Every structure is written in structure tokens, then in C-alpha cells.
There are 2 protein chains.
Amino acid sequence: MATKANKEALAEKPDGTRVNYTSYDVAVRAGVSQSAVSRCFKEGAYASDEMRARVMKAAAELGYTPNAIARSLITRRSDLIAVLISNLTNLYYPEVLSELSRQFSLNGMRMLLFTLPGDTEVDRVLSQIWEYQVGGVIAAAAHILPRHVEEFERRRVPLVLYNRTMKDKAVSAVVCDQVDGARTLVSRLAAAGHKRFAIIDGPAESVVAQERTRGACERIAELKLAKPVIVRGNYDYESGAVGMREIVRQMGRAPDAVICGNDVMAIGCVDAARHELGLEVPRKLSVAGFDGIEPANWMSYQLTTLRQPVQEMARAATELLTSMINNPGAGPEKRSFSAQLIEGATARLAPRSV
Amino acid sequence: MATKANKEALAEKPDGTRVNYTSYDVAVRAGVSQSAVSRCFKEGAYASDEMRARVMKAAAELGYTPNAIARSLITRRSDLIAVLISNLTNLYYPEVLSELSRQFSLNGMRMLLFTLPGDTEVDRVLSQIWEYQVGGVIAAAAHILPRHVEEFERRRVPLVLYNRTMKDKAVSAVVCDQVDGARTLVSRLAAAGHKRFAIIDGPAESVVAQERTRGACERIAELKLAKPVIVRGNYDYESGAVGMREIVRQMGRAPDAVICGNDVMAIGCVDAARHELGLEVPRKLSVAGFDGIEPANWMSYQLTTLRQPVQEMARAATELLTSMINNPGAGPEKRSFSAQLIEGATARLAPRSV
DNA sequence: TTGTACGCGTTATCAT
DNA sequence: ATGATAACGCGTACAA
């Protein structure tokens, strides 16, 4: 047949070398049908040992690899997962990404990575995602709006939010309880005698930052302490240092404790206090952060922080997503984790109670 | 026709909602042929304004998105790029990855991310890559062997190595001249009076580490200085601290200068010197690192380091890869960059000469 | 157990 | 300018 001849010729290059063999090429070489080859590459499909051996031998000789693109066209599902991340320069995300990658790899899924530079890019990135027929998406990025979630629902693409939730919209998510962590932190600081608090908040669009600040403020109010001075930061080192200076300016003196929206800002805050303002930490000033990134452990800091169980959270996210993929009917599910207080050496804490 | 009826029914779910529309659905709604729809979504293809408008309207109403899987099956090329990275926990890589992502996104390519946990995983990961018919690969990972490169050549898949090269094998790469950087560093340190050097080397399998150490040793020998004590590290903070202690143990005293295989180890080294050994840095001991990661800038360190021009390198890597994709004939090409000495505050350097 | 035939959703090649 | 039709490489129902 002409068709067969064409197919055979496909792998032939002008220079005589061959490249990109298909299951058909393998079939010809093994003297079996194409569908037999297909079956041999699928676990638990009908195939005699004799044939399987012949096919595998031919495949190995040609260096044949199944074409995942063609496969997912016919099976109507791909093992592609998209991961959306805001900015990798936030030292917290590489760890998350690394764990996600490990977990997905273990589950036989491939990861399509999208980083979101700006806020308005979401629509553009989502349309790229739809094109690739991904099996699911993990979004560890800000700027995901309810209308985006609705599009996920319409398209029946499973979505798991990482460390963010959505008001008035049921959506699967893996979160760390920021409010609770912040409350615990304030309690422990207050019990140790801190009275005047200040907060270096994260960027306005970060839900995580909002929750951390809210938790701290709530608890401070409950304890009838003075309302904290709050300055805005953007999660980076410099804004932590700037924030610290601004706090001192606004208060006319140093506060007792500064709660920072993340570890990097806390480190900037500690450095500004020590190196620029001459404030001893923690003797004169307590500083605490959130996340538990690796540099927080460094001897120069030994930051007091609320560590997120990244490994467990990443695992939960992949499990949640895979279960959503396999049970398309199931409704949204939230999994919440608690932050762990790392006592560190940048804050004076009362001994653990309760 | 039965076929048409089937195709129409495809987007229909049991519950009556529709999902995953195809170009055929759009065609029916716009009252044109399927191939017309296809053309409308392709730039510069024949299509009257009138029809284009009708088709786009129908597509928008349905929320149609072209299926990239099907497209790349027929065009025999995908806009997928695979990126291989050893370990994201090395603080240097997130920046690289972030830049690569930005660049690829700008060029309309999607990024498939593979992280390599171990050394023997390479083969497994590569076979996953072949399955996805990627247009090209950027490898910023150790453990890529000549036989792997040969498979890239056989399969005609463009490969660009990031910060690694291969002996006896021509392969495209973007590198930073580590040897030259290390030599400059030693020269500047020696000119400032440092005589007894020590080196905290990176892991054995890191070519980058080998070059950094080699460059330093060469220059030290040329200057007729004592052979440096060399201890092995593994790029992480702890191994920098351990390395520093080990150096002092081996030498019976502190050296004049320690050159570390990367910034994270240098930071560990500085911390161990200051906090554990009571050595003033840089008054009693000079320490320098490589990479120029963000924490190296922090006030507590202000590390003296050789910064790699990550942005330029990432850009070069994407340019190189895209040009290889577009000119399949062209041979391998190397692009080399110079590291920039950040003078910092952890080493006493002689004023710049020559 | 194996082979035949068809279709996944798209682009490319023809006619018209 | 537009429409029919044939691939792309694979999985799978069905026949043998």
C-alpha cells in the first residue's frame, strides 16, 4: 500500500540517517502489526511473551520512544500538570517547586511551569494552559480571580490553590493556617512582656500576608495592647530594612517586637536594626518572620519564625490534584496545615504554655 | 453524516454542559468549514475579514481554544522546551530558572521542568523528554554524559548546556568563565598581602567547582605561594561551616584567605569564622565566594564574590536554543561570559590594577 | 492472542 | 478566498 510505504519513509532523512521512529516502524521491523506494538508498551495488555520480546527488541534497536503527544490526543488525557508561580525570587517558592516536582515525577506526571511576571498576565497564561490540555493545575500565585476559577470549572480542569483561598467560592486548596500561627506568635511574645508591636506587612495583593497581619492584629487587640504600627513591605530584603526604619520613624522609638510578613523581610529588619539602628536583637527588639526558609537558619540570624510544612503541603497538593483528576465528580476539598513555631534567637519568647 | 454528528456530540456532557470545544464546533456555529476556522487562528493565512470576524465571534462565545497537542502532532513540532536542573535548593538556580522562564515565555515557548534528584535519574528523565517531542532542551544539571549528548544528536534534538561543558565533545553551551574569575580573585587577594590560601571545593561532580578550584590553584602556583589546603564541600551552608573548621584543624591555624566554591558555602564559612572561631572577617580572614546570589548582598555578609551575569546568560541560552531549532543544520556554538568581581566586605582586596 | 480499521483535533494540500 | 480530504502517531473496539 502507498500508505505503508509513506509511513516507512517517514523516519528516513535525506542523509540516510533515521530519526523519530514510530510504532509503525517498530511493527515492520518486528514483523507484527502496529496495534501489537502499542499493546506491548501498555502494562497488562494482551501480548504473548514471544511477541513482546520481539517487539521490545525491535524497539530498542531503533531507539523507539512512544509519542506522548499522539497518545494523549487519542486517550484525551495527558500527564501534563501546569504549575503557576508568582515569582521564584521569593526564596520560599523554590522549595515548594522542588517538592512539587519530586511528587509529580513520582506519580508519573510532567510539570509545565509558568511564572507570572505581572498581575494582568494571568489570562494570557491560562489560555496557554488550555491549549496544552493539561490534566490539572496547581496555582501558587496571586491574582487568581473568581472568574478564573469559574473557567476552570467550565473546562473541567482540576485546580488546586496553594496557600491561597477564595472568598465566596468553593475551590480546592492546600493552605497553612496563617491566622493561627500569627496569633500564637503574638501570644508567646506578649507573655514574654512585649507590649508595643509593629508589623511589616507583605504586599497588598498577597492573601497570605493579609491573614498573617490579621491574625496578629486580632490577637494584639484581644490582649488589649496598643494598636500596632503597620508598614507595607513587598516581601524582599530591602523592604524589610526600609520597613524597620519607617517603624522607628513613625513611633519615635523602637517597638518591642516586629512581626514581619515573611522571613526575608524579617532578615532585612534584623539587619537594619543591628547594623543601622544599633538595636540589639533580641535583647532590645524581638523580630519574627514567616515561612522557615533555609537562610533563616543561618547562624547570623537564627530567626524566630513560623515554618510552613512545605513537604507535607506539596505532597497534599499533588495528592489532592491527582484525586481530582481520577474522580472528576468530586467537589472541592481544602487541606489545612499548621505552621510550626521555630523559636530561634531573634525574639524573646515565653516558655511554651498550654 | 454520522461523523459530523459524532463530532458535534463530543463537546456534549451527560449533564448537558459543554466542554472542550473543537474547531469543528466553532465551524458549525459560524457556518463555515473546519479548515476555515483553522486558518482564522493562524496569522497571515487566507481569510476574509468578514469570515474571520464571524469565526472569532463563534469561538469567543464557545470559549474555544486550539488544541496544541493536535497541532503539534500534524506540524511535527511543539513549542515545548525542557529544562533540566539538578537541585533547586541551590540558591543560584531559582534565579536562572526565573530568567529562563521569562525568556521562553517571551519567545512563545512553554517550559517543561525536570529536576534531577539523583545522578542515575538522567536516563529516566531523558526518555520522558523524548516522549514529549520537545523542540529543545536546556540542561543546567550535572551528570550529563557524552552518551547522552550523542542521543540528542541522533534524535536531532537541540541541546544547550548551561554552565557546563564536555571534554572531547562539541556541544552548544553557555558558560561563565570560572577559571578566569578564580584567577582574578587570587591575584587581587595576593596583591593585598594574602599568602596562605585555603579552598572549600564544591562537590566532585560539579564541573563548575572543578574549574573554580583549578583557576585558583593555578594562579596560586604561578605566584609561588604555598599550596592551598583544599577541603570538599557540597555547596550547602553547613558544608561551608564544616569546611572552615576543617581547614583550621588541618592548618593548625587560620589561613589568610578562604575561597569557597559558591556563595552559600562562603556564607557558612564566614559565619563559622565569626561565630564559632572568633575570627574577624575580613580583618583576620578574607572569604570569597562565587555566584552573586541575593543573600550575599545582605548587610550581615556583603560577601566578596564573583557574580555571574545570570540574566545575560539565560538570554543567551534561549537565543542559542531557538537559533538551533530554526537552523537544524548549524553546528554547536559556545557562548562564554565573564564573572564580575563584587568587592564586598568579606575580603581585603588590593585596589584594582591593570 | 493478534490484526484491521477507525478516530482523536489539528494543519496542509489540493480542488473549486 | 473557501471547502473537502488526507495525514500526523497512537489506542482500542471489533473481527478473526
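If you're wondering where the values come from, they're calculated on a predicted model, not measured in any experiment. Chain letters run A, B, ... following the sequence lines, proteins first, then strands; residues in each count from 1. Values below: every heavy atom of this structure, side chains too, minus hydrogens, waters and symmetry copies.
When the side-chain nitrogen and oxygen atoms of Y64(B) are compared with OP1 and OP2 of dT10(C), one or more of them lie within a distance under 4.0 Å. Taking side-chain N and O atoms only, R76(B) has no distance below 4.0 Å to OP1 or OP2 of dA7(D). A sub-4.0 Å separation between OP1 or OP2 of dT12(D) and a side-chain N or O of K42(A) is present. Within the structure, every side-chain polar atom (N or O) of S38(A) is placed at least 4.0 Å from both OP1 and OP2 of dC10(D).
Closest-nucleotide positions on DNA chain C for S48(A) and Q34(A) were compared, and the one nearer the 5' end corresponds to S48(A). The 5' end of DNA chain D is approached more closely, in terms of each residue's nearest nucleotide, by E50(B) than by the other of E50(B) and A70(A).
I85(A) is not listed as a side-chain neighbour of Y162(A), based on a closest heavy-atom distance of 4.5 Å or more. With contacts defined as side-chain heavy-atom distances shorter than 4.5 Å, the pair T22(B)/Q34(B) does not qualify. No side-chain heavy atom of R315(B) sits less than 4.5 Å from a side-chain heavy atom of E312(B).
One interatomic measurement links the two molecules: CG of N20(B) to C1' of dT10(C), which rounds to 14 Å at whole-angstrom precision. Between the CG atom of N67(B) and the C1' atom of dT11(C) there is a distance of 12 Å, rounded to whole Å. Rounded to an integer number of Å, the gap from CZ of R77(A) to C1' of dC10(D) is 16 Å. Here the P atom of nucleotide dG9(C) and the OH atom of Y21(B) are 14 Å apart, to the nearest Å. Distance CZ (F41(B)) to C1' (dA12(C)): 18 Å, rounded to an integer number of Å. dG9(C) atom P lies 20 Å from atom CZ of R39(B), rounded to whole Å. The nearest whole Å value for the distance from the CG atom in L73(A) to the P atom in dC10(D) is 12 Å. As rounded to whole Å, 13 Å separates atom C1' of dC8(D) from atom CG of D25(A).
Taking 4.0 Å as the cut-off between side-chain N and carboxylate O, R54(A) and E50(A) count as a salt-bridged pair. Under the 4.0 Å criterion applied to side-chain N and carboxylate O atoms, E319(A) and R335(A) are assigned as salt-bridge partners. Contact check on D123(A) versus R147(A) returns a salt bridge, with a Lys/Arg side-chain nitrogen under 4.0 Å from an Asp/Glu carboxylate oxygen.
Distance from the side chain of T22(B) is smallest for dT10(C) among the nucleotides dC10(D), dT4(C), dT10(C). Picking from dG3(C), dG7(C), dC8(D) the nucleotide with the shortest atom distance to the side chain of V32(A) gives dG3(C). Candidate nucleotides dG11(D), dT11(C), dG9(D) were compared by shortest atom distance to the side chain of R71(A), and dG11(D) ranks first. Taking every side-chain heavy atom of I74(A) into account, dG11(D) is the closest of dA12(C), dT10(C), dG11(D).
Axis angle, first five pairs versus last five pairs of the helix from dT1(C)-dA16(D) to dT16(C)-dA1(D): 40°, rounded to 10°.
Residues that satisfy the side-chain contact (heavy atoms from CB on, under 4.5 Å) test with A314(A), not counting sequence neighbours, are E99(A), L100(A).
Residue-level contact check: S35(A) touches the bases, meaning some heavy atom is under 4.0 Å from a base atom. Using a 4.0 Å heavy-atom cutoff across all strands shown, A47(A) reaches sugar-phosphate atoms only and no base atom.
Between W130(B) and Y64(A), the gap from one ring centroid to the other reaches at least 6.0 Å.
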